[in-house]
Amino acid sequence: MHESMKRREFIKSAAFAGAAALMSHQLDNLEAVGAQQRPAFKPVVISSHNGLVATAKAMEFIKQGKDALDAVIAGVNIVEDDPNDMSVGYGGLPNEDGVVELDASVMHGPTGRGGAVASLRNIKNPSKVARLVMERTDHVLLVGEGALRFARAHGFKEENLLTDEARNAWLRWKENLSNEDDWLPPHDVETKNIGEGLKSALRNTGTINCNAVDLQGNISGVTTTSGLAWKIPGRVGDSPILGAGLYVDNEVGAAGSTGRGEANLLACSSVMIVEFMRQGKTPEQACLMACERIVKQTKMKRLLDEKGRPKFNVNFYAINKRGEYGAAAIWSGSKFAVNTGEAQSRHEECAYLYKREPRN
Ligand code: GLY
């Protein structure tokens with residue numbers, strides 16, 4: 001590197017470190033300081049509705065000057081470890097054989113890297129394994145047995161992830177199978193009442209997506225899930241697919257999703273949302289545009305109601321480099337969690353395309 005360049009870089013990074021320390025201090029006193037002293041980068045953490053604790057933990061890390069990826073992973077680990085969240089990690093609802101299979105992805109904006117795992121069994125923190133795929137392999141996505149062997153090689157302990165509550169829920173489903181599974185006989189685009197596969201659209205696809213801007217203005221994100229309840233073994237949703245369930249561009253922002261992964265896999269919405277934001281859309285506008293695209297792309301009648309609207313829901317969450325945030329869903333009623341520097345996170349309503357009519 002040229003000497004003057006080195007010096008410039010050094011001055012820049014020294015100024016940066018000082019600024020980060022100052023920002024961290026300022027954040028503790030946001031109300032007390034004048035607008036002029038506010039941090040150059042507005043930190044923010046956003047997540048799906050189940051991320052109140054996760055976003056608060058992530059913001060705590062960010063206020064300590066930590067990297068956004070460390071922050072969001074620490075946040076979602078709480079949800080992965082929580083047996084009461086039946087859509088993520090330990091206690092997640094299993095596949096149709098009663099086995100919990102987890103998917104996760106991470107993206108680190110400043111280094112432009114990403115990693116993911118899919119159909120990972122017996123390891124309760126797939127987000128940590130996804131990070132290791134990013135940092136300790138030349139690959140981006142590991143699946144199934146290979147992902148498990150990789151996790152074992154890095155010292156992850158195998159454990160039974162199926163709680164009694166999740167097993168009982170699975171057993172109830174198994175005992176009442178009727179036609180509510182995911183196997184469909186041959187059918188065409190006009191077929192409406194088939195296999196009740198549409199019910200899979202309404203089954204649990206809970207997930208946590210969490211994205212953050214840190215004090216350095218760097219952006220990272222994570223998405224982690226046990227996927228669709230009672231899925232066909234090996235089914236992978238959108239969560240571990242970069243561009244679909246998560247996307248980060250450090251120059252622009254981040255986006256992620258929860259809800260029916262099959263719909264989002266066909267649209268790759270997260271990368272689309274980031275591109276919409278690059279073109280000047282707000283995070284909320286970009287998320288709404290992704291919802292519109294999914295509606296337009298959904299042509300199979302079995303997935304549409306009598307008005308031609310999707311029976312399922314997909315939710316998107318986005319932040320941009322300026323610390324602005326927004327979220328949207330196809331259907332009304334979804335909330336997201338957000339933290340802009342407070343000790344406690346809050347819920348806000350997602351924007352939406354269609355208002356759910358009250359059920360009788
Ligand atoms: N969006 C999570 C999933 O479909 O697996």
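What you see is a predicted model; the values in this text were computed from it and never measured. Order of listing sets the numbers, starting from 1, for every ligand and every atom in it.
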Tell me whether Gly261 has any N or O atom under 3.5 angstrom from an N or O of ligand 1. yes
Does the pair Glu262/Arg235 count as a salt bridge with the N-to-O cut at 4.0 Å? yes
Contacting atoms of ligand 1, where contact means under 4.0 angstrom from a heavy atom of Gly237: 5 (O)
May I ask you to decide whether Lys281 forms a salt bridge with Glu324, counting only side-chain N to carboxylate O separations under 4.0 Å? no
Nearest candidate to atom 1 (N) of ligand 1, where distance is taken over non-hydrogen atoms, out of Asn315, Thr225, Asp238, Thr258: Asp238
Are the charged groups of Lys335 and Glu348 less than 4.0 angstrom apart, N to O? no
Do any nitrogen or oxygen atoms of Gly227 come within less than 3.5 Å of a nitrogen or oxygen of ligand 1? no
Purely on distance, is any nitrogen or oxygen of Asp103 under 3.5 Å from one on ligand 1? no
For ligand 1, does Arg235 get within less than 4.0 Å through its side chain, its backbone, both, or neither, judged by non-hydrogen atoms? side chain
Only heavy atoms of Thr207, strictly under 4.0 Å: list the atoms of ligand 1 that pass. 1 (N), 2 (C)
With a 4.0 Å cut-off on N to O distance, would you call Lys66 and Asp214 a salt bridge? no
SB check Glu135 Arg131 (cutoff 4.0 Å): yes
Please determine if Glu190 and Lys301 form a salt bridge, counting it only when a charged side-chain N lies under 4.0 Å from a carboxylate O. yes
Counting from 1, what ligand 1 atoms have a heavy atom of Gly259 closer than 4.0 Å? 1 (N), 2 (C), 3 (C), 4 (O)
